[in-house]
Amino acid sequence: CNAGVGVAAAVVVAVIVALVSLTIKKVQKKLIDFLGHLLGVIITMVKHPKRISLAIVFSMGITASYIAVLWLTSKSVGVNLSLLDLFIAFIAGNTALSVSPTPGGLGAVEAAITGVIISAGTSPSLALASVVLYRIVSYWLPIIPGYIAFRRSLKKNYV
């Protein structure tokens, strides 16, 4: 019963917020502009199915690459988990990244991935070593070529 009351209260609050926000002209204009832009993007995607297919394939490739890095860094410290376990850990890390207020999800991503790896039966020290190595390779090392490219762009007045 308590869950039903909570859900009903959430629905009532959502409806009230939606009705109030729709009566404010500024919000209406932003919503209409957003929906117009969204419709334009959808029409473009329908007109170019090859582009959307490539975008999906490349997006899956990026995810597969990050999971491969997590698998390799885990193997390098002696953690033997299945790709499914590492995929779940990666998704937990991405979820933490999305809700974390810290830049790059620092702390939250590491905690989420480490927690999943530990729950899969790995010792905490090996799990933490695996995740720290993963974050060094996937987050910190790419900063170096980015910094170099930024400095060159400044030097050549591209930025």
Side-chain angles (χ1 to χ4, degrees), residues 2-18 20-22 24 26-27 29-31 33-35 37-38 40-42 45 51-52 54-154 158-159:
N2 289 337
V5 172
V7 170
V11 169
V12 168
V13 169
V15 168
I16 291 171
V17 168
V20 169
S21 64
L22 287 176
I24 300 171
K26 192 175 186 181
V27 173
K29 183 179 179 339
K30 285 185 178 186
L31 185 62
D33 290 345
F34 171 75
L35 292 175
H37 176 71
L38 182 63
V41 168
I42 291 171
M45 288 184 341
R51 285 185 187 173
I52 189 71
L54 284 174
I56 290 170
V57 167
F58 289 139
S59 178
M60 290 170 55
I62 290 170
T63 300
S65 297
Y66 277 118
I67 293 169
V69 169
L70 183 57
W71 179 73
L72 289 170
T73 57
S74 296
K75 285 284 190 186
S76 72
V77 296
V79 174
N80 293 311
L81 291 177
S82 69
L83 284 176
L84 179 61
D85 288 336
L86 293 173
F87 177 75
I88 293 168
F90 175 76
I91 295 300
N94 264 3
T95 303
L97 174 68
S98 298
V99 298
S100 173
T102 59
L106 290 175
V109 172
E110 290 84 358
I113 296 174
T114 302
V116 172
I117 292 175
I118 290 170
S119 70
T122 304
S123 73
S125 59
L126 286 178
L128 184 60
S130 169
V131 173
V132 167
L133 186 57
Y134 165 72
R135 287 293 277 179
I136 287 171
V137 171
S138 66
Y139 182 77
W140 292 106
L141 285 182
I143 291 174
I144 296 168
Y147 177 75
I148 292 168
F150 177 69
R151 295 298 297 175
R152 285 192 179 173
S153 296
L154 285 177
Y158 293 147
V159 178

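The structure presented is a predicted model; accordingly, all values stated were derived computationally and were not measured.
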- Would L97 and N94 count as a side-chain contact (heavy atoms from CB on, under 4.5 Å) if you check the C-alpha gap in whole Å, the side-chain angles of each, and the deciding distance to 0.1 Å? CA-CA 5 Å; L97 174 68; N94 264 3; 4.1 Å; yes
- Query: Heavy atoms, side chains only, cut-off 4.5 Å: are K29 and D33 in contact?
  - Reply: yes
Nearest heavy atoms of [X] and [Y], plus distance in Å:
| X | Y | result |
| --- | --- | --- |
| V109 | G93 | CG2-O, 3.5 Å |
| A96 | A112 | CB-CB, 3.8 Å |
| G78 | L126 | O-CD1, 4.4 Å |

- Any sub-3.5 Å donor-acceptor pair from S119's side-chain atoms to V116's backbone N or O? yes
- Message: Between T73 (side chain only) and L70 (backbone N and O only), is there a donor and an acceptor less than 3.5 Å apart?
- Response: yes
Side chain to side chain donor-acceptor pair (under 3.5 Å): pairs with one or both residues in [range], sequence neighbours excluded:
| range | answer |
| --- | --- |
| residues 141-154 | none |
| residues 77-87 | K75-N80, S82-D85 |
| residues 102-113 | S100-T102, E110-R135 |

Distance check, rounded to the nearest 0.5 Å: [X] atom [atom1] versus [Y] atom [atom2]?
| X | Y | atom1 | atom2 | answer |
| --- | --- | --- | --- | --- |
| L72 | L133 | CG | CG | 10.0 Å |
| I67 | I88 | CD1 | CD1 | 10.0 Å |
| L86 | S74 | CG | OG | 5.0 Å |
| I42 | H37 | CD1 | NE2 | 10.0 Å |
| I91 | T95 | CD1 | OG1 | 6.5 Å |

- Item | I113 and F90: CA distance, side-chain angles, deciding distance, side-chain contact (heavy atoms from CB on, under 4.5 Å) verdict | CA-CA 6 Å; I113 296 174; F90 175 76; 5.6 Å; no
- Item | Atom OH of Y139: over 12 foreign heavy atoms under 6.0 Å | yes
- Report the C-alpha separation of F58 and L54 in whole Å, then their side-chain angles, then the decisive distance to 0.1 Å, and conclude whether the side-chain contact (heavy atoms from CB on, under 4.5 Å) test is met. CA-CA 6 Å; F58 289 139; L54 284 174; 4.2 Å; yes
- V69/S65 under side-chain contact (heavy atoms from CB on, under 4.5 Å): CA gap, chis, key distance, verdict: CA-CA 6 Å; V69 169; S65 297; 5.7 Å; no
- Task: Indicate the ring-plane relationship of Y134 and Y66, choosing parallel, tilted or perpendicular according to the 30° and 60° boundaries.
- Result: perpendicular
